[in-house]
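Below: one structure, written as C-alpha cells.
Throughout, protein chains are lettered first and strands after them, A, B, ... in sequence-line order, and every chain is numbered starting at 1. All figures in this text were calculated on a predicted structure; none of them were measured in a lab.
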There are 2 protein chains.
Amino acid sequence: MGTARGRRPPVMADVAKEAGVSHQTVSRVLNDHPNVRAETRTRVLEAIDKLGYRRNLVARALVTKHSRTLGVVSFDTTLYGPASTVYGIEQAARAAGYFISIVSLKSIDKTGVRDALDYLADQGVDGIVAVAPQRSAAQALADLPLDIPAVAVEGGEAGEVPVVCVDQVEGGRLATEHLLELGHETVWHVRGPGDWLEAEGRVIGWRSALERAGRAVPEPLAGDWSPRSGYEAGRSLAGMAGVTAVFVANDQMALGVLRAFTEKGVKVPGQVSVVGFDDIPESAYFSPPLTTIRQDFGAVGRHSIGVLLRQIEAGGPQASERLVVPPAFVPRVSTAGR
Amino acid sequence: MGTARGRRPPVMADVAKEAGVSHQTVSRVLNDHPNVRAETRTRVLEAIDKLGYRRNLVARALVTKHSRTLGVVSFDTTLYGPASTVYGIEQAARAAGYFISIVSLKSIDKTGVRDALDYLADQGVDGIVAVAPQRSAAQALADLPLDIPAVAVEGGEAGEVPVVCVDQVEGGRLATEHLLELGHETVWHVRGPGDWLEAEGRVIGWRSALERAGRAVPEPLAGDWSPRSGYEAGRSLAGMAGVTAVFVANDQMALGVLRAFTEKGVKVPGQVSVVGFDDIPESAYFSPPLTTIRQDFGAVGRHSIGVLLRQIEAGGPQASERLVVPPAFVPRVSTAGR
DNA sequence: GAGCGGCATGTTAACGTTCACAGTCGTGCC
DNA sequence: GGCACGACTGTGAACGTTAACATGCCGCTC
C-alpha cells in the first residue's frame, strides 16, 4: 500500500505511526521487553514487516555503548593455523550473535599491535581476541593498558589477559615419546622461529621427553614454518650420521624435510622416522603420509569467545584464566620402529 | 599527557572546553576543515592530546551514514584460496582506511547468503565484498536487490554487481598448452566440484586448448578440491592406459594424485606429467615439485576494494564492470616431454 | 471506597557527532 | 566612510535509538 514515501529507509517512528503506538513501544517489542500486550506486539510486528523496517544498529550502539562487535587481531591469516583459528573464532562469535572485525598484521612490532588495538577500540568493539602466537606480540598485549575485555589466543604466560591455547608442550612430548617408544635412540628436532611461543612450547615438550628418558638432546635445527626452511633442515639432517627420528615443528616444514630426504635417497620411515605438527589437510597425502599432532582450532575459537563473552557480561576484566586445549596424536606411516 | 583513567572517556565538548573553543571547532580540526586559524588548531590538538581524546566513530557514523566499514562474505576461509583472497581484501581495505567485518558461511544456499548480507547491512557497512566462487552463491548474489554497493570476487557472469576474478579459462589453457607443447597426445583433467565457477572455467580452458589442437577430449574426473578426492582420481588414472599428462584443478588434489601415482609405482614426470593450480606454498616441495598455475590473490583483493570504493564514492552502483586478473605459469619438475 | 502495586503505554531526555546557518571580525575598494 | 566579502567561529538542530521517568488503568486488599 502507500508505504514508502521518499526513498529514506523507515525508522522506528514510522513503524510507530503505522502501528498506532509510540516509538518506545516499538523499541520494547524489538527488545523483547515483557510488558507489552500480545495484541500490541503483533500489530507492531505487522507494521515492521509491512514497512520492511530494520533497526539501525549504529544508533543503538551509540546509546547502549555496545556494538555487539568483537575485534580480532591476527598475523598472516594465510597460514593454516591462524586461518583456522580465526575461522573458529568467527563461527563461535556469530553463533553468539556477535560481529567480527578483523585486522591482520604484517609486522609484529609493538607499534603494530598498539595501532591495531587502537583501531579496533576506535570502532567501538565490545571485546578483542588477539591471536598472539609470537612472544613479542604477547608481550605487547600484556603491556598495553586495556580498558576493553580481551583474550589472547596462543598467548604466553597469563598476564593481565586470559589465555586460550593448545598445549604445545604436551604435543611436543606426545610426538617425541611416540618416536622413543618405537625404539629410536634419540629424536632430532626442527623447530619453529625463535619468537613464536608455539615453537618454544614444542621444543620444551620434546626436550623434557628426551630428558625424562635419559637420552641425548641434540641441538635443534632452526626453521621458520616454511616448507623451504624444512627442506634446508632436511638436507642438513640427511648428511648427519645417527639420525633415525625427527620431530618437525609443523607439517609444512615436515613436507620440506620429506622432500630433502627423498632427494638424498633417505627412506622414510625405513631409515628415518618423521613426525609433524598441525595435521593440515594435505599431510595425509604426503609421501609418505605424515604422522602428526592435531590441534583443535575449532575448540580454541569457541573457548576464546566463551571466555571473552563471560568477561563482557561481567562488565570488565575478570580474574585472568588460562584455558588449555589438548592436542591429539595422529599416527600415519611416516614413523616406524628401529 | 595524563589521561584521566577510571573516568568517563572525554568527548568533544570536553576538548572544546579545555581549548576554550566550541565543539564545532574541534570537529573542524578533526576533519581537516580549511577555515581554522593555525593557532586555534594547535590549541585544539594540544587539548586532544592532553585529555587523550578519541573520536567516537559510532556517533560519527550515525550522523554521516558512513561507517567506514566494509563487509566481506566468504566461504570456508580455511582453504588457501579464500583465505588468501580475504587477506588481500583486508590489507587493501585497511590501506584505504576501512574496517573489515567478516562473515564466513558454511552452507552455500540462498538463505545463507541472504542472511549474511542482511547481517552486514544491519551493521551499517558501506559496501560488501562477496567472495562467491560457487555458481549458487553468485546466483544468490545476483538475485538479491542490493541497496548497498557490492563487488563479487570470483563471481560469475557480470550481472548487477561488478566482478573481479582471476582468468580461470586462461589458466586452464596455459596448463593444457604447456603439456601439449611437451608432446603429449592429450591431457586428462581432474576437475573441481561442479558448482564452482573456478572449476568450470578451468575445464573450459582445458577443453578449448585440446580442441584447438584437434586432440581427443577425455571425460574429466570429478574432485572436490580435497587431497582425498585427488587421491581417488589418481588411483583411477593410474589404472587407465594411455594416460601421460594430467591437469589437476588445484594443488591439493594434485598432491593426492601424486600420492596415488607413487603408491601405484607410476613415475612423475617419467611416465605421467602433472600440472596443478593455485601455487600453494607447499607445492614447490611436493614429490616431485609441482608445475602449477599461480593466482595473484593480492591483486584480486586490491582490485575488488578499488572497484568497491569507486562505487561508494560515486554514491551508488556504477555501470557493472568485470576485472580480470591474469594467472601465471609456474614451471617445476612434475612435467616432462614424452 | 481509598490506597496500593503492577502492567501497559507514552513523554522527554540523553548518547556524541556533523550539518546548516548565523554571527563577528578585519580588510580592501570605491 | 560605507559596504561587500572572506576568514573564522559559534549556536542550534538533527541522526535513530534506548533509558528514565511519568501516566493511566485495573484489580486487589483492608
Side-chain angles (χ1 to χ4, degrees), chain A residues 5-45 47-48 51-69 99 121-126 147 315, chain B residues 4 7-45 47-48 51-69 99 121-126 315:
Chain A
R5 53 172 148 199
R7 299 284 299 148
R8 149 183 87 72
V11 299
M12 218 171 239
D14 299 327
V15 176
K17 185 188 268 183
E18 174 74 30
V21 297
S22 76
H23 63 115
Q24 176 64 333
T25 299
V26 177
S27 171
R28 276 192 267 257
V29 169
L30 252 29
N31 294 324
D32 285 325
H33 193 95
N35 292 348
V36 177
R37 200 153 43 110
E39 197 266 332
T40 309
R41 181 187 305 278
T42 63
R43 215 165 64 233
V44 169
L45 290 176
I48 287 175
L51 299 182
Y53 168 75
R54 323 216 64 194
R55 158 159 64 181
N56 182 329
L57 292 184
V58 174
R60 170 176 229 237
L62 177 62
V63 52
T64 60
K65 316 246 187 231
H66 295 303
S67 58
R68 291 199 81 79
T69 298
F99 296 88
D122 269 4
Q123 203 202 14
V125 296
D126 293 345
D147 39 355
Chain B
R7 309 275 307 138
R8 155 187 77 77
V11 299
M12 217 172 240
D14 300 328
V15 176
K17 186 189 266 180
E18 174 75 28
V21 296
S22 77
H23 63 115
Q24 175 62 345
T25 299
V26 177
S27 171
R28 276 192 267 257
V29 169
L30 252 28
N31 294 324
D32 286 324
H33 193 94
N35 292 347
V36 177
R37 202 153 39 111
E39 198 267 332
T40 310
R41 181 186 305 278
T42 63
R43 215 167 64 234
V44 168
L45 290 175
I48 287 175
L51 299 181
Y53 167 75
R54 322 216 65 193
R55 160 158 63 182
N56 183 328
L57 293 183
V58 174
R60 171 176 229 233
L62 176 61
V63 50
T64 60
K65 315 242 186 235
H66 295 302
S67 59
R68 290 198 82 77
T69 298
F99 295 88
D122 269 3
Q123 203 202 14
V125 297
D126 294 345

Nucleotides 5-9 of chain D: which of its N/O atoms have a protein N/O under 3.5 Å away?
residue	atom	partner	partner atom	Å
D:dT9	OP1	B:R37	NE	3.4
D:dT9	OP1	B:R37	NH2	3.4
D:dT9	OP1	B:T40	OG1	2.4
D:dT9	OP2	B:R37	N	3.0

Could you list the residues that satisfy side chain to side chain contact (heavy atoms under 4.5 Å, CB included) with [X], not counting sequence neighbours?
X     : value
B:D14 : B:R8, B:P10, B:V11, B:L51
A:L45 : A:V29, A:R41, A:I48
A:T42 : none

Looking at residues at least two apart in the chain, or sitting in another chain, which of them share a side chain to side chain donor-acceptor pair (under 3.5 Å) with [X]?
X      : value
B:R37  : none
A:S67  : A:D126
B:Q123 : A:T69, B:S101
B:R60  : B:N31

Is any side-chain heavy atom of B:P9 closer than 4.5 Å to a side-chain heavy atom of B:R54?
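A side-chain contact is absent here, since even the closest heavy-atom pair is not under 4.5 Å.
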
Begin with the C-alpha distance, continue with both residues' side-chain angles, and end with the deciding distance and a verdict on side-chain contact (heavy atoms from CB on, under 4.5 Å) for B:V125 and A:F99.
CA-CA 12 Å; B:V125 297; A:F99 296 88; over 6 Å; no

Kindly say if A:S27 contacts the phosphate of D:dT17, meaning a side-chain N or O under 4.0 Å from OP1 or OP2.
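Result: no.
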
Rounded to whole Å, please give me the gap between CG in A:L30 and C1' in D:dT18.
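Checked: the CG to C1' distance equals 11 Å.
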
Look up atom CZ in A:R55 and atom CE in A:M12, then write down how far apart they are to the nearest 0.5 Å.
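Between atom CZ of A:R55 and atom CE of A:M12 there are 6.5 Å.
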
Separation of B:H66 NE2 from B:L57 CG (nearest 0.5 Å)
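Atom-to-atom, B:L57:CG and B:H66:NE2 are 14.0 Å apart.
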
From the 5' end of DNA chain C to its 3' end, which nucleotides mark the outer limits of contact with chain A, defined by a 4.0 Å heavy-atom distance cut-off (strictly under)?
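Nucleotide range with atoms under 4.0 Å of chain A: C:dA8 to C:dG16.
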
Using the C1' atoms of five pairs at each end, what's the angle between the two axes of the helix from C:dG1-D:dC30 to C:dC30-D:dG1, to 10 degrees?
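About 50°, once rounded to a multiple of 10°.
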
Give the residues of residues 54-69 of chain B touching DNA chain D, defined as any heavy atom closer than 4.0 Å, sorted by residue number.
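By residue number: B:L62, B:V63, B:K65.
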
Begin from the C-alpha positions of B:L30 and B:S27 and carry the test side-chain contact (heavy atoms from CB on, under 4.5 Å) through to its verdict.
CA-CA 5 Å; B:L30 252 28; B:S27 171; 5.6 Å; no

The criterion is salt bridge (charged side-chain N to carboxylate O under 4.0 Å, His left out); which residues satisfy it with A:R28, sequence neighbours excluded?
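Checked A:R28 against salt bridge (charged side-chain N to carboxylate O under 4.0 Å, His left out); zero matches.
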
